[in-house]
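Everything on this sheet refers to the single structure shown next.
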Amino acid sequence: MPDLEDEAAQHTSALGPLIGLTREDIFGAVAVLLRETASDPARLMRHSQAMGSEMVKIMTGQSELAPHPKDRRFMDPAWQYNPFMRAGAQYYLAVQKGMAEWLDELELDDLERDRARFISNIIIDSIAPTNTLAGNPTAQKRAIDSGGLSLIKGLKNAYTDMTENKGMVSQVDKRPFELGRNIATSPGAVVHRTEMFELVHYAPSTEKVHEVPALTIPPQINKMYINDLSPEKSVVKYLVDNGIQTFVISWKNPTSEQGSWDMADYVRSCREAMEVTAAITGSDKVNVSAGCSGGQTAAMLASKMAADGDNLLGALTLMVCVLHPKQNDIEAGSLISENGLALARRRADKAGVIKGDDLARGFAWLRPNDLIWNYVVNNYLLGEDPPAFDVLYWNADATNLSASLMGDFLTIYETLAFTKKGEVAMLDHKVDLSKVKSDLFILGGVTDHITPWRATYRSTQLFGSKDVTYVLSQSGHMQAILNPPTNPKAKYFVQKKKGKLPATAEKWIEGAEEVAGSWWPFWMEWLQARSGDLVDAPKEVGSKEYPASDPAPGLYVREAC
């Protein structure tokens, strides 16, 4: 179960170019496979003969095919010692090997080859014998040992998913969690509310606080309490315990009537939240941190403020955020096409919003081994409950995405707006990060499949800042952020010598050193140095002008799709 939790937590959903992926793009990749199958009968015959030869070896016990030692699907000893099970695994591996060799011979360009390989892997993963009771010895043993109760429990889990989870296999047991009771428990209150957002001010826990406050801009999908899960994983608690006046935006979950909310609206809301934060604390600067799509929003905010001569922004922290994307950054990037992006826009405009459940479903089917079949086996075949894991609970608490904002994110992706100095017009200004002079702290994750660390590193070259720090955390995406000092396995990489960062990630890693422990203390030292002098902590959250209302984490996080 811990392995299942950890693996799933590496693949939390996130905004990116995949929101523009359509089923037509996927079918197009399948069509390429079918076209090439029919284009050269001799090649097809040759590979069929090779496959037949391997099948004969399997039937006569002479095949040397064996699963990878780290492939968890075939860990049960039966795959090695039971001749029928071993043959079943070898048949599957023969198909897998034959498909890979066939793809290598196809006359495709690099993009088409990547598309074909990605789709074929999804298909092959779906036919793994371990996905069925007949082909899963562990599930068969569980059924015998439990007197069939595991199968009954598996059927119950499947029925529950059909009736209560819109047909998707559950990745988390939500029952143990309750907002404000055992998750998102840091004390604080909403001090400002608009149609688009709530601003939550968290209560200080120290007698002295730094005079410059910190505002967090969360992603526009999922909920803001990722910053305040359990106390040992809470970025919020770590901030306030270290004397940082902490504010977090909580976005409202848009409905179809609010599908017109675009990047300009979200940036204006961020600027408004900064003004309120400054007014409450009396500071003339506000440090900002943001992750994933919230980081893209923060970058657009910084560009707009620089163009307007607005000096309210202090230091800027960007976590697991890609500002300079490339199509081959992610495995599924090859499936994205210009026509697909246009079609995705039209469909979203018609619907008003992209439903959070649809986003989660589409994302899961792009990584089916990790996010579908693992849970089919665990929940249905073994009759186990899905893990009760706080990160997965948050990930399943999806929100909608307004059509207009989706369109703006896709525009940023298509135009590479952040990489062009003043060439792309958005939000009534020419986007130009070279005009942003704020000190920068940028974080990537070693095994991040969503915002790969080399892609996050490119952001170091876009800003006009003279002080840029890049840190590479272990683990993937949100787990890279939620890597507190209590994690005994925590480690991170940072540049050995101070000074200008190299132009490429490859050069940077050559000069980086591994540091044992969490990156949080390193970041805190960096942030405190840019947070001004220590002053007496306020006695209560909010102010006379912005009084406290609903307790943290507020009302908007409780809204369902």
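Side-chain N or O atoms of Q474 include one that pairs as donor or acceptor with a backbone N or O of K491 at under 3.5 Å. Formation of a donor-acceptor pair under 3.5 Å by the S170 side chain with backbone atoms of V172 is not found in this model. Of the possible donor and acceptor atoms, none in the side chain of T185 sits under 3.5 Å from a partner among the backbone N and O of R181. T399 places no side-chain N or O within donor-acceptor distance of the main-chain N or O of N253, the cut-off being under 3.5 Å. At least one donor-acceptor pair under 3.5 Å links the side chain of K420 to the backbone N or O of T415. Judged by distance alone, the side chain of S473 and the main-chain N or O of G445 form no donor-acceptor pair under 3.5 Å. Between the side chain of N287 and the backbone N or O of A315 there is at least one donor-acceptor pair closer than 3.5 Å. Panel note: side chain Q461, backbone P502; a donor-acceptor pair is recorded below 3.5 Å. Listed for the T447 side chain is a donor-acceptor partner under 3.5 Å among the backbone atoms of S475. Listed for the S402 side chain is a donor-acceptor partner under 3.5 Å among the backbone atoms of L405.
The CD atom of E559 sits 10.0 Å away from the CG atom of N400 when rounded to the nearest 0.5 Å. For the atom pair CG of L239 and OG1 of T246, the computed distance is 4.0 Å after rounding to the nearest 0.5 Å. Here S438 contributes atom OG and L313 contributes atom CG; the two are 3.5 Å apart, rounded to the nearest 0.5 Å. W526 CH2 to D439 CG: the interatomic distance, rounded to the nearest 0.5 Å, is 6.0 Å. Going from atom CD of E207 over to atom CG of L534 covers 11.5 Å, rounded to the nearest 0.5 Å. A distance of 6.0 Å separates CG of L323 from CG of L318, quoted to the nearest 0.5 Å.
A salt bridge links R454 with E506; the closest basic N to acidic carboxylate O contact falls under 4.0 Å. Classification of D397 and K223 as a salt-bridged pair holds, one side-chain N sitting under 4.0 Å from a carboxylate O. One finds a salt bridge joining E275 and R271 here, because a Lys/Arg side-chain nitrogen approaches an Asp/Glu carboxylate oxygen to under 4.0 Å. Looking at R175 and D173, a side-chain N of the basic residue comes within less than 4.0 Å of a carboxylate O on the acidic one, giving a salt bridge. Note on K496 versus E513: no salt bridge recorded, every NZ/NE/NH1/NH2 to OD/OE distance being 4.0 Å or above.
Counting non-hydrogen atoms of neighbouring residues, nucleotides and ligands closer than 6.0 angstrom, the NZ atom of K237 reaches no more than 12 such neighbours. The 12-atom threshold is exceeded at CD of E510, counting heavy atoms of other residues, nucleotides or ligands nearer than 6.0 Å.
In this structure, H192 and Y546 have perpendicular ring planes: the angle between them is above 60°, well past the 30° mark. Aromatic ring orientation, Y266 versus W251: perpendicular (interplanar angle above 60°, classes split at 30° and 60°). Y470 and Y457 have perpendicular rings, their planes meeting at more than 60° on a 0 to 90° scale where under 30° would count as parallel.
Between Y202 and F247, the gap from one ring centroid to the other reaches at least 6.0 Å.
Taking each heavy atom of V541 and A189 in turn, the nearest pair found is CG2-CB, 3.9 Å. Of all heavy-atom pairs spanning T206 and G243, the tightest one is OG1-CA, 3.6 Å. In terms of heavy atoms, S260 sits closest to D265 at O-OD2, 3.6 Å. S205 and D241 get closest at one heavy-atom pair: OG-OD1, 2.6 Å. Here the shortest heavy-atom pairing between A552 and S186 reads CB-O, 3.8 Å. Between L316 and F463 the shortest heavy-atom distance is CD2-CE2, 4.2 Å.
A cation-pi arrangement is found for K252 relative to Y556, the charged atom lying closer than 6.0 Å to the ring centre and inside a 45° cone about the ring normal.
Residues D228 and S234 bring a donor and an acceptor atom of their side chains to less than 3.5 Å of each other. For the residue pair T451/D448, the side-chain donor-acceptor check at 3.5 Å is satisfied. No hydrogens or angles considered: nothing links the side chains of N227 and T216 as a donor-acceptor pair under 3.5 Å. Looking at E257 and T255, their side chains do bring a donor and an acceptor atom within 3.5 Å of each other. With hydrogens and angles left out, the side-chain atoms of Q220 and S293 include a donor and acceptor closer than 3.5 Å. Side chains of S465 and D467: no donor on one and acceptor on the other come within 3.5 Å.
You'll find the side chain of I442 stays beyond 4.5 Å of the side chain of T469, heavy atoms only. In this structure, the side chains of N374 and R72 come closer than 4.5 Å at one or more pairs of heavy atoms. Between L440 and T460, every side-chain heavy-atom pair lies at or beyond the 4.5 Å cut-off. Between M305 and L312, the closest side-chain pair of non-hydrogen atoms falls below 4.5 Å. Side-chain atoms of P204 and P538, non-hydrogen and from C-beta on, do get closer than 4.5 Å to each other. Within the 4.5 Å cutoff, side-chain heavy atoms of L301 are placed close to those of M274. The closest side-chain heavy-atom distance from L527 to N242 is not below 4.5 Å. Two residues are said to be in side-chain contact when any heavy atoms from C-beta on lie closer than 4.5 Å; W523 and M319 meet this criterion.
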If you apply the rule side chain to side chain contact (heavy atoms under 4.5 Å, CB included), what do you find for I481 with L443, and how did you get there? CA-CA 8 Å; I481 298 176; L443 176 77; 4.0 Å; yes
inquiry  = Pair D310, K304 - check salt bridge (Lys or Arg N to Asp or Glu O under 4.0 Å), show working.
reply    = CA-CA 8 Å; D310 187 337; K304 174 66 171 161; over 6 Å; no
Practice prompt. Output, in order, the C-alpha distance, side-chain angles, deciding distance and verdict of side-chain hydrogen bond (donor to acceptor under 3.5 Å, both in side chains) for E545 and S543.
Written response: CA-CA 5 Å; E545 184 179 2; S543 65; 5.4 Å; no
Subject >> Steps toward side chain to side chain contact (heavy atoms under 4.5 Å, CB included) verdict (F389, W394) >> reply: CA-CA 9 Å; F389 191 38; W394 165 82; over 6 Å; no
Step-by-step side chain to side chain contact (heavy atoms under 4.5 Å, CB included) determination, I412 to M263: CA-CA 10 Å; I412 291 171; M263 180 64 79; 4.0 Å; yes
Requested in this report: Given side chain to side chain contact (heavy atoms under 4.5 Å, CB included), test K430 with V424 step by step and report yes or no.
Outcome: CA-CA 6 Å; K430 297 295 183 69; V424 179; over 6 Å; no
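When each of I226, N182, I183 is paired with D390, the side-chain contact (heavy atoms from CB on, under 4.5 Å) condition holds for I183 and for no other. No option in K285, E211, H210 other than H210 meets the side-chain contact (heavy atoms from CB on, under 4.5 Å) test with S531.
Within the structure, ring pair (Phe, Tyr, Trp, His ring centres under 6.0 Å) contacts touching residues 291-326 (residues at least two apart or in different chains) do not occur.
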